[in-house]
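Data first, discussion second: the structure below is written as structure tokens.
Computed from heavy atoms alone, side chains included, the values below leave out hydrogens, waters and symmetry copies. In this chain, residues are counted from 1 in sequence order.
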Amino acid sequence: MGTRNVKDGLNLILQIDKDCHQHGAVTEEIDGLIKVYKDEHVERPKIVPRVTSDLPHELGVTSRDVVIDKLTNIWARLYVPIKCHGKLPLLVYFHGGGFCVGSAAWSCYHDFLARLAAETSSIIVSVNYRLAPENPLPAAYDDGIKALMWLEQQALSVGADNWWTSQCNFSNIFLAGDSAGANIAYNVITRPGSFNAGQAAAAMKPLSLRGVVLIQPFFGGEARTSSEKYLVQSPRSALSLAASDTYWRLALPCGSNRDHPWCNPLAKGLDVELEDLLRFPIMVCISEMDILKDRSLEFVASLERAGKMVEHVVHKGVGHAFQILSKSQLSQTRTLEMMSQIKDFISGI
């Protein structure tokens, strides 16, 4: 072994010893993404670059960051098509990351959502919500509701941020997200005080929800599905079963298991529990090589049995979060297909 390799190895050992001495033993870890120590100190390596809101002019989309709530440091990144005809639909988007990692400033989300705004001719509000384990659920759901309340204020405020509100149709809103973000979108619409029927819906005026887009929704359960048990994942897969379990341990309230309704909406029978909810059309995007495939298909089937308006698409040959993390030619093709399908869903309602 060379002198340099020995030195690097010693430095790594010293750093590990220093971390353990400072913060105690590591209690939870997802390699390269998050490390939680016994004293609850959390480290998130910068595995994905964070970028500013700048975009190339030729994309035809402008982007800016806005503050939603100073107290909790909730903010959002807006994407607005430059050339538009009439008022545009509004897509409220929640990023993925198992509730524990991720950011609206991650380069992969910035690129994907800018392209999605251009393709669908929609204004997109990408919400940067609080992360677990420092802020376990329902913090992310609360932040989703807070984002809707902020949008209500923007819609009612004369002259507020006219660079985008004057182009926005606040009566044509869609909630969307991928992975944990899709879970957030789902739990926001099924929570009292959001877009549900009756007084709550009236309280959200002039906002009007028209539909929901769930991309590879991050649900779980104590009982394993077939795809969770048997679908072989590559070492570079965005979501393994072990990582999924770790995310849920960090995100759910202390003492909860994966049959908590925030994790497993089917645990108590979706078709019974949501009789008066989910009155909006729902689109579910499923990846064929995703360990969550069977769980998503069961979710869709339960919605159909309950008589809900739901459609789903299965993207062949790709895995979890392919649209933001994979640069393969197949993934690029499937991403364009997904964007076109979302555009058809939005424009068809």
Side-chain angles (χ1 to χ4, degrees), residues 53 61-81 84 86-95 103-105 109-110 113-114 116-117 120-130 138-178 181-215 277-283 342 345-346 349:
S53 60
V61 175
T62 186
S63 177
R64 296 184 195 174
D65 293 341
V66 296
V67 175
I68 289 178
D69 185 76
K70 289 183 179 179
L71 185 64
T72 54
N73 197 30
I74 307 306
W75 58 275
R77 180 160 293 181
L78 272 62
Y79 300 88
V80 182
C84 60
K87 291 186 178 291
L88 302 179
L90 175 65
L91 195 68
V92 182
Y93 197 93
F94 302 98
H95 67 77
S103 169
Y109 279 108
H110 186 56
L113 293 178
L116 184 63
T120 60
S121 297
S122 300
I123 294 173
I124 296 180
V125 177
S126 177
V127 181
N128 199 75
Y129 53 87
R130 289 171 293 171
Y141 306 150
D142 293 339
D143 295 346
I145 297 292
K146 193 170 294 182
L148 296 178
M149 294 172 64
W150 176 82
L151 284 172
E152 181 188 17
Q153 293 173 353
Q154 301 305 301
L156 293 172
S157 299
V158 177
D161 283 339
N162 270 335
W163 73 277
W164 71 276
T165 55
S166 61
Q167 303 176 52
C168 181
N169 183 355
F170 287 99
S171 64
N172 194 17
I173 293 181
F174 294 80
L175 260 58
D178 67 282
N183 178 296
I184 294 171
Y186 169 79
N187 277 286
V188 164
I189 62 168
T190 56
R191 291 189 88 196
S194 58
F195 282 105
N196 295 332
Q199 293 181 344
M204 295 302 293
K205 288 183 177 180
L207 307 187
S208 179
L209 182 68
R210 303 297 301 280
V212 184
V213 179
L214 306 180
I215 302 172
L277 301 178
L278 293 178
R279 297 188 174 189
F280 322 103
I282 297 177
M283 177 183 185
I342 294 174
F345 178 75
I346 290 175
I349 295 175

Notebook entry, point to check: If you look at every heavy atom in Tyr186 and Ile189, which pair is closest and at what distance?
Noted result: O-CG1, 3.0 Å

Next item on the list: Sequence neighbours left out, what passes ring pair (Phe, Tyr, Trp, His ring centres under 6.0 Å) with Phe345? Give chain and number order.
Entry: none

Margin query: If the condition is side chain to side chain donor-acceptor pair (under 3.5 Å), which residues does His95 pass it with, not counting sequence neighbours?
Written below: Tyr129

Checklist line | Check against side-chain contact (heavy atoms from CB on, under 4.5 Å), Leu175 and Val213 | finding: CA-CA 6 Å; Leu175 260 58; Val213 179; over 6 Å; no

Next item on the list: Quick one: list whatever passes side chain to side chain contact (heavy atoms under 4.5 Å, CB included) with Pro81, sequence neighbours left out.
Entry: Leu88, Ile123

Next item on the list: Ignoring hydrogens and angles, tell me if any N or O in the side chain of Lys87 forms a donor-acceptor pair with the backbone of Ser166 under 3.5 Å.
Entry: yes

Notebook entry, point to check: From Asn169 CG over to Ser122 OG, what is the distance, rounded to the nearest 0.5 angstrom?
Noted result: 10.5 Å

Next item on the list: Determine, stepwise, if the pair Leu78 / Ile124 fulfils side-chain contact (heavy atoms from CB on, under 4.5 Å).
Entry: CA-CA 6 Å; Leu78 272 62; Ile124 296 180; over 6 Å; no

Check: Are His110 and Tyr79 close enough that some pair of their side-chain heavy atoms sits under 4.5 Å apart?
Finding: yes

Note to self: Distance to the ring centre below 6.0 angstrom and angle to the axis at most 45 degrees; does that hold for Arg64 and Trp163?
What the structure shows: yes

Next item on the list: Run the numbers on Ile215 and Tyr93 for side-chain contact (heavy atoms from CB on, under 4.5 Å), then give the verdict.
Entry: CA-CA 11 Å; Ile215 302 172; Tyr93 197 93; 3.9 Å; yes

Next item on the list: Quick one: pull up CG in Leu90 and CZ in Phe174 and give me the separation to the nearest 0.5 Å.
Entry: 10.0 Å

Margin query: Just verifying a value: how many Å separate Lys146 NZ and Asp142 CG, rounded to the nearest 0.5 Å?
Written below: 7.0 Å

Note to self: Quick check: do Arg191 and Pro138 have side-chain heavy atoms less than 4.5 Å from each other?
What the structure shows: yes

Item checked: Under the side chain to side chain donor-acceptor pair (under 3.5 Å) test, residues paired with Ser103 that sit two or more places apart -> Arg50, Asn128

Check: What's the shortest heavy-atom distance between Ile184 and Tyr141, and which atoms?
Finding: CA-CE2, 3.8 Å

Next item on the list: Sequence neighbours left out, what passes side chain to side chain donor-acceptor pair (under 3.5 Å) with Ser53? Give chain and number order.
Entry: none

Check: What distance do Ile173 atom CD1 and Ile346 atom CD1 have between them, rounded to the nearest 0.5 Å?
Finding: 12.0 Å

Check: If you measure only the distance, is there a donor-acceptor pair under 3.5 Å linking the side chains of Asn187 and Asn183?
Finding: yes

Next item on the list: State, with a plain yes or no, whether a side-chain heavy atom of Val125 is found less than 4.5 Å away from one of Leu91.
Entry: no

Item checked: Interatomic spacing from CZ in Arg77 to CG in Asp65 - rounded to 0.5 Å -> 4.0 Å

Note to self: Distance check, rounded to the nearest 0.5 Å: Phe280 atom CZ versus Ser208 atom OG?
What the structure shows: 8.0 Å

Check: Can you find a heavy atom in the side chain of Leu209 that is under 4.5 Å from one in the side chain of Val212?
Finding: yes

Margin query: Given 3.5 Å as the limit, does a donor-acceptor pair link the side chain of Asp178 with the main chain of Gly181, or not?
Written below: no

Check: Are side-chain heavy atoms of Val127 and Trp75 found at a separation under 4.5 Å?
Finding: no

Item checked: side chain to side chain donor-acceptor pair (under 3.5 Å) partners of Arg130, counting only residues at least two apart -> Asp143

Next item on the list: Decide yes or no on side-chain contact (heavy atoms from CB on, under 4.5 Å) for Val80 and Val61, but give the supporting numbers first.
Entry: CA-CA 5 Å; Val80 182; Val61 175; 5.7 Å; no

